[in-house]
Amino acid sequence: MSDLLACGVDIGSTASKCVILRQASEVVASCVVPVGAGTSGPMRAIAGALRCCGKQLADMACICSTGYGRNSLEQADFETTELACHAKGAYALFPQVRTLLDMGGQDAKAMRIGPDGRLANFVMNDKCAAGTGRFLDVMARVLDVDISDLAGLGARSTKKMDISSTCTVFAESEVISHLANNAAITDVVAGIHRSVASRAIGLLRRVGIEEQLVMTGGVARNEGVVESIGAGLGIGVVTSPFAQFVGAFGAALMALERAHEREQTRKIRSAMRED
Ligand code: ADP
């Protein structure tokens, strides 16, 4: 069997992710660039992943794009929805998944996954930034910390402090006022995590929760949010350091399947010609 390579590109609203797979679903390279649709992010993510494995775009047997900006990648052989890609990627990583939460930069989606890995149902958050990565990005900026430092800060909280405003703009003022009143940043961050978690829990309850609950998307990189969701529901939330790549991984799996189908068709045609 030839050594097929396939590529999945997830062009999100906030970040661009690329995953390159070899046959048998082995991840050979991945790259994330923290800018998404309408920027140079997608091409930079592809270039980063190609550099990582020493390959060229022409070496890819098939390319699938997904995400908010999936229509914009002219190099893609085909495109598909991020719902389908997250379901596919999460099921490949965690076959016991029955409920899936994807929290990205500007939206959140709760999905029910059938025992066969098919997407059975889903709900999305409204157009509000609260309960998405955007809320956390805004809060990190107000607190003057890096987004990757939020989890560590929240983990050191010693006093419960709630952020009561559900609107991002009002929550921003509330955080500023807490800080002006000398609240500990660690307590404020833990409150921010609980606020995002409560939005996610509402979304999950709308779709119905069945274990195993898996979380994907960039926000799943924040352990504080993941733990707050688990604590609020009283069940474990399964995730992986690869969480932000799950959509691109699902797209790459679909591209790999398409590449295998093409290879099969090519072999059948050439066998028929020889007969
Ligand atoms: P999209 O697909 O909508 O562009 P992603 O699933 O890539 O979004 O998630 C982007 C979000 O992930 C950001 O808004 C940010 O809040 C969060 N994020 C990105 N990197 C990190 C990190 N190192 N630690 C915690 N959160 C992160």
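When a residue number appears, it is its place in the shown sequence, counting from 1. Both counts, for ligands and for their atoms, begin at 1 and track the order of listing. Quick caveat, the model's predicted, so the values are computed rather than measured. All values below were derived from every heavy atom in this structure, side-chain atoms included, with hydrogens, water molecules and symmetry-related copies excluded.
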For a quick check under 3.5 Å, do Thr66 and Arg70 share a side-chain donor-acceptor pair by atom type? no
For [X], counting its heavy atoms only, list the atoms of ligand 1 lying under 4.0 Å from any of them.
X	result
Lys17	1 (P), 2 (O), 4 (O), 5 (P), 7 (O), 8 (O)
Gly104	3 (O), 5 (P), 6 (O), 8 (O), 9 (O)
Gln244	5 (P), 7 (O), 9 (O), 10 (C)
Gly133	14 (O), 16 (O)
Gly217	6 (O)
Gly12	1 (P), 2 (O), 4 (O)

Shortest protein contact, [atom] (heavy atom only):
atom	value
atom 14 (O) of ligand 1	Asp137 OD2, 2.6 Å
atom 20 (N) of ligand 1	Arg221 NH1, 3.4 Å
atom 3 (O) of ligand 1	Gly105 N, 2.9 Å
atom 24 (N) of ligand 1	Ser148 CA, 3.6 Å
atom 27 (C) of ligand 1	Gly218 O, 3.6 Å

Backbone or side chain, does any N or O of [X] fall under 3.5 Å from an N or O of ligand 1?
X	answer
Asn222	no
Thr14	yes
Ala15	yes
Leu136	no

Ring-face cation of Arg258 near Phe78 (centre distance under 6.0 Å, axis angle within 45°): yes
Heavy atoms, side chains only, cut-off 4.5 Å: are Leu57 and Gln75 in contact? yes
State whether [X] and [Y] are salt-bridged, where the test is any N-O pair (Lys NZ or Arg NE/NH1/NH2 against Asp/Glu carboxylate O) under 4.0 Å.
X	Y	answer
Glu227	Arg194	no
Glu210	Arg112	yes
Asp187	Lys160	no

Closest approach of [X] to [Y] (non-hydrogen atoms, all atoms of both residues):
X	Y	answer
Gly105	Thr132	O-OG1, 3.5 Å
Val19	Ala252	O-CB, 3.7 Å
Val225	Val196	CG1-CG1, 4.0 Å

Does ligand 1 have an atom under 4.0 Å from some heavy atom of Gly67? no
Does the side chain to side chain donor-acceptor pair (under 3.5 Å) test come out yes or no for Ser148 and Asp146, once each step is laid out? CA-CA 5 Å; Ser148 59; Asp146 194 87; 2.6 Å; yes
Do Asp77 side-chain atoms and Ile63 backbone N/O form a donor-acceptor pair below 3.5 Å? yes
Side chain, backbone, both or neither: the part of Glu82 lying under 4.0 Å from ligand 1 by heavy atom: neither
